[in-house]
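Per chain, numbering begins at 1; letters A, B, ... match sequence-line order. What you see is a predicted model; the values in this text were computed from it and never measured.
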Amino acid sequence: MLFHSVAFVVFFVIVYGLYLALQGRTPPRPRSPRFIAQNLVLLAASLVFYGWWDWRFLLLMLATAGVDHLVAVRIVQSDRASRRRLLLLVSLVSNLGVLGFFKYFNFFAESVAEGLSLLGIEAHPALLRVALPVGISFYTFQSLSYTIDVYRGHLRPARSIFSFWLFVSFFPQLVAGPIERATHLLPQVENPRRIDPAQVDLGVWLILWGFFKKLVVADNLAIVANAIFAHPERATGPELYLGAVAFAGQIYGDFSAYSDIARGLCKLMGFDLMLNFRIPYAAASPSDFWNRWHISLSTWLRDYLYIPLGGNRRGTVVTQRNLMLTMLLGGLWHGAAWNYVLWGAFHGLVLVAYRPFQRRIDRVAAPSSADPTDRTPPPGCRGLKLALLRLVMFHLVLVGWILFRCRSLQEIGDYFRGLFAGWSTLAEALAGTHFADVVFFAAPIVLMELWQHRTGDLSAPTRLSLAPRALLYTVLLAAMMVWGVRDAVEFIYFQF
Amino acid sequence: MTEPTQAGHLHARGLPHEFVRDRRRQRTVLLLVLTASLLLAANLGAGVLLRRFSPNRGYRLIERKWAMLEAANSPLLPVDTLILGDSSGNQGIDPRAVAAHFGGRAVNLCTVGDLLLLNDAWMLERYLQKYPPPKRIILAHVYDVWQRRPRARNFTRVPVVPAVGEMAATPPLTMTPGERITLLTDRFLPLYSENESVSLLLRRPLYCWSSGITEAPPSFAGFEPRPAGASGAIERNARQHLHGLKRTRGGLSEANRAALARIDELAAAHGFEVYISVGPVYEAFANDPVYQRFWGESEAAIRSAVAAMPHVHLAVPRPTAAPLGDLESVDHVSEIGAAIYTSNLLRSITGPRMTK
């Protein structure tokens, strides 16, 4: 069930109607029948939402979550460290086993066979012929963080299996995040929510802006990116560059749209989900980029992988190893394919290469004031350096997106070879429809983010007074009517 | 992946934040109401703009012809010969030649093929409500209209099709609830339903203005001649048609059969004759077996239906093969082709070999 489908609109209207009816004028008391009913409505809705794709995978999700809940309860009950470690291991094996089986089995089997064939040994691995459960990487990481946090003593287990199931399967963020931490979302599940008009106001904006980014920006840029990435060997350098920019806009528009809509829907119901993006293409350094892009995953990997590996506390070599490992696994999290591994490795290398210069770069990249909302432009020379750093970082990200989007090593080779050829045709590319489309459809998001960047306020449009704000909303809705791509295109991150 | 810090939370130096502003519920409601009102106004404005400047030729053609019929004190009406049909007739049959041949007056009210013969029946009914009956009706349609079924959204611009309530005209257009919603949306939300026209006007206003695509073409009593098409484009067009025909069976759809029966009924009641003319097609296309199979099936169905209708005659029972120079597209004649087509049609109507 896609957010931008009639089925979802009908579904949400029904669910929200029931939710509001149970909410009443005053929030229900904890553990009151009204509150329990409200959570049951959300759980049932989440199961219907997920089952809409494939009901069989519901059982898988409920089973792995059930194991995690049981493990968490036993961890708290146990006073022996070895038993607690063993229980955590059960959770890790259960979650990563299911993820590995469904997502990575074929990839590893094929890779081993290809490796053997290079040694002259023919192998015919048995491959799985099953569909990948939608959003498995998202909910697995979410569920895993719960048992780890309980093990670490940061969290007590959920009060009931139903609360935990709702935490894992909560429909707005189930299939494409943000990957919520139990420490943040579980208390909201277990306690009555207050529907705050201010949050609803922000939620309406997030939903509207999310739909605009998906339907107008991402899906139109996808048309350009798909056309160019389909045959990189036939395109000229300027066209390939344009294709990479179009894909950068598409993937950001698409993924951040999902996050915005998910967060907006939650705000309507009194929930708060974590921010997942903070104007990522304004990043001036690699670390800055990962503070802004897919924040829920990058912080997850930092807290549950990078720091447990030792982080940056054990010298340069170990730090670099940790960075590479974290980024490689971050790449692999996206999918079982070598291009994702390459994408992760590339970003790992960028982080490794950046570390020796980190202090010098950060002196330019970090704002002059301690106040995060102070957006005073940096003085002359530093402003230029900052702009240059942003430009360099954006192009490093573009290189990453080419690796991410290409489907084979051959295609990656074709793309990078072609990128440096045929620049004599620049004028033709600039006069072409692809260029006009990229400029036209990327312009709204660029302008909006310039505004957000200048004010330091991601919810800048909500600052407007009533009339200009209504005008802005009307323009966005009208643009969706005119330029919104009609065939419902799945969100890119559903596949992960 | 995030810049590694030993602190367990994201360090957010210089990063933008989300601020929640104090709002009252009434303000959000007011914002939504105002937005909805502005959106409605934008659609109304777009509707007005599109009535004058729409680059959608089909919509404008339907509006022009219905406006000619509905106009009070039209200098062109009433007529002795009423020409109804689709775009092949609109640019193929010259009412001046028809009037010169039969005497009296003639007008061409042909629209587009997607309205099928249903629109012919409705226009004729409306004409008879306003004027004395004509002496004859010419129904000019292209070869592939006959088997088509109605799609509700094509009828957005037809004034006798109401968005809500039952149709007064016969035969009525039957619509599912979903189709009715689509029709409502199409009629009242032109930003959505005519998005391509709006997009063209907004993104390429200079092109729209300089190319004249938003202007009405010259009209001679409803006849709107077109220049000859490029041969390559016609060849490509022929290939597209053949590709489509491979998966399509010829015939006469229920909607078209009902419309034809209604026209025959009106002819009997008001005492005039109806002449069907099937428009010419490109000669190489006419020789293709895929086309011949399709047309054979359509012609058999049309002949069988017409046999039971005493006032309906097949004047040009099958598409004549036309050379490239006479055509604008594979099944639409150019201005030169129109003169030949009209003259052949008139000869057939008055000649001895009229078929049932």
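Looking at B:Arg24, the atoms closer than 4.5 Å to chain A (heavy atoms on both sides) all sit in the backbone: N, CA, C or O. In this structure, the portion of B:Arg203 lying under 4.5 Å from any heavy atom of chain A is its side chain and not its backbone. Using a 4.5 Å cut-off between heavy atoms, A:Leu202 contacts chain B through its side chain alone, with no backbone atom that close. Of the two parts of A:Ala479, neither the backbone nor the side chain holds a non-hydrogen atom closer than 4.5 Å to a non-hydrogen atom of chain B. Only the side chain of A:Phe440 comes within contact range of chain B, with heavy atoms under 4.5 Å apart. Both the backbone and the side chain of A:Leu477 come within contact range of chain B, each with at least one heavy atom under 4.5 Å from a heavy atom of that chain. Neither the backbone nor the side chain of A:Leu476 comes within less than 4.5 Å of any heavy atom of chain B.
Atom CZ of B:Arg151 has 12 or fewer neighbouring heavy atoms from other residues, nucleotides or ligands inside a 6.0 Å radius. Heavy-atom contacts from other residues, nucleotides or ligands closer than 6.0 Å to CZ of A:Arg152 number more than 12. Counting heavy atoms of neighbouring residues, nucleotides and ligands inside a 6.0 Å radius, atom CD of B:Glu196 does not exceed 12 of them. For B:Trp209, the CH2 atom sits in a loose shell: 12 or fewer heavy atoms of surrounding residues, nucleotides or ligands are nearer than 6.0 Å. The environment of OH in B:Tyr192 is sparse: at most 12 heavy-atom neighbours from other residues, nucleotides or ligands sit within 6.0 Å. Enclosure of atom CZ in B:Arg25 is not indicated, since only 12 or fewer non-hydrogen atoms of other residues, nucleotides or ligands lie within 6.0 angstrom.
The two residues B:Val20 and A:Ala198 come nearest to each other via the heavy atoms CG1-CB, 3.6 Å. The nearest pair of heavy atoms linking A:Ala470 to B:Leu31 is N-CD1, 3.6 Å. B:Leu39 approaches A:Ala478 most closely through the heavy-atom pair CD1-N, 3.8 Å.
Atom CG of B:Leu34 is separated from atom CG of A:Leu466 by 5.5 Å, given to the nearest 0.5 angstrom. Separation of atoms CG (A:Leu472) and CG (B:Leu38) is listed at 11.5 Å; rounding is to 0.5 Å. Put simply, CG on B:Leu15 and CD1 on A:Ile295 are 7.5 Å apart, with the number rounded to the nearest 0.5 Å. In this structure, the separation between CD on B:Glu18 and CD on A:Gln452 is 9.0 Å, given to the nearest 0.5 Å.
A heavy-atom distance below 4.5 Å is not found between the side chains of B:Asn195 and A:Met481. With a 4.5 Å cut-off on side-chain heavy atoms, A:Pro197 and B:Gln26 do not count as touching. Here the side chains of A:Trp483 and B:Leu202 are in contact, with some heavy-atom distance below 4.5 Å.
Looking only at distances, a side-chain donor or acceptor of A:Ser459 sits under 3.5 Å from a matching main-chain atom of B:Phe19.
Between chain B and the options A:Val200, A:Asn322, A:Asp437, A:Val204, the largest number of non-hydrogen pairs under 4.5 Å is found for A:Asp437. Contact tally against chain A (heavy-atom pairs below 4.5 Å) for B:Val198, B:Leu191, B:Thr28: the top residue is B:Leu191.
Of the residues A:Leu471, A:Val475, A:Thr474, the one that meets the side-chain contact (heavy atoms from CB on, under 4.5 Å) test with B:Thr35 is A:Thr474.
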